[in-house]
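Have a look at the structure below, then the notes.
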Amino acid sequence: MKHIGAVQAVVTAADDFDREPTFAELDALVVEAPLIEADVELLDVQISLLDRTPTEVDHQRIRRARRKVLAARRTLANRGGAVASVVA
């Protein structure tokens, strides 16, 4: 009787995608967290306005969220971090 099991080491070994983040990656996430949160807030505002006509208060919410994203990007850029996403 033949043993049924993984013949290739890649199947059973830990892959690059199947690992915990390194300390450097976690530090990068901490540095970029304000930008990520500002982007999420802007998306929340935009999604909430998809099915209705924006009022003046809604326009203010969008402007405030965009300013927050730009401020977070400015702060990140001044720290020397890379900014890759684009403000819509």
Side-chain angles (χ1 to χ4, degrees):
M1 180 171 187
K2 283 190 171 185
H3 176 69
I4 299 174
V7 178
Q8 299 173 347
V10 178
V11 175
T12 57
D15 197 7
D16 284 342
F17 299 109
D18 188 27
R19 62 173 176 79
E20 296 293 323
T22 64
F23 288 116
E25 291 169 338
L26 291 174
D27 289 340
L29 283 174
V30 169
V31 169
E32 294 177 4
L35 176 59
I36 294 168
E37 291 171 0
D39 279 332
V40 168
E41 184 177 331
L42 177 60
L43 283 173
D44 285 342
V45 172
Q46 291 172 336
I47 289 170
S48 70
L49 300 176
L50 283 177
D51 62 344
R52 63 186 174 110
T53 305
T55 64
E56 183 58 34
V57 173
D58 295 329
H59 286 294
Q60 290 174 0
R61 287 178 58 209
I62 290 173
R63 284 193 299 268
R64 188 177 306 119
R66 285 183 178 158
R67 282 194 308 265
K68 195 180 245 187
V69 168
L70 291 174
R73 286 183 182 194
R74 181 187 63 229
T75 302
L76 188 61
N78 288 338
R79 292 182 77 173
V83 179
S85 57
V86 177
V87 174

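What you see is a predicted model; the values in this text were computed from it and never measured.
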Practice item. Could you name each residue pair satisfying salt bridge (Lys or Arg N to Asp or Glu O under 4.0 Å) that touches residues 56-65, not counting sequence neighbours? Key: R52-D58, E56-R63, D58-R61
Study note, to complete from the structure: Here the pair of heavy atoms bringing A38 nearest to A72 is CB-CB, 4.4 Å
Point to revise | V69 versus L35, closest heavy-atom pair with distance | key: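 Heavy atoms of V69 and L35 come nearest at O-CD1, 4.0 Å.
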Check your understanding: With side chains defined as the heavy atoms from C-beta onward, is the minimum distance between V40 and D44 less than 4.5 Å?
Key ->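 Side-chain contact under 4.5 Å: yes.
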Practice item. Quick one: list whatever passes side-chain contact (heavy atoms from CB on, under 4.5 Å) with E25, sequence neighbours left out. Key: R19, P21, T22
Exercise for review: Could you list the residues that satisfy side-chain contact (heavy atoms from CB on, under 4.5 Å) with I62, not counting sequence neighbours?
Suggested key: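 Here the qualifying residues are V45, L49, R66.
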**Study point:** Atom pair CZ (R73) and CG (L76), whose distance is rounded to the nearest 0.5 Å
**Key:**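 One gets 9.5 Å once the value is rounded to the nearest 0.5 Å.
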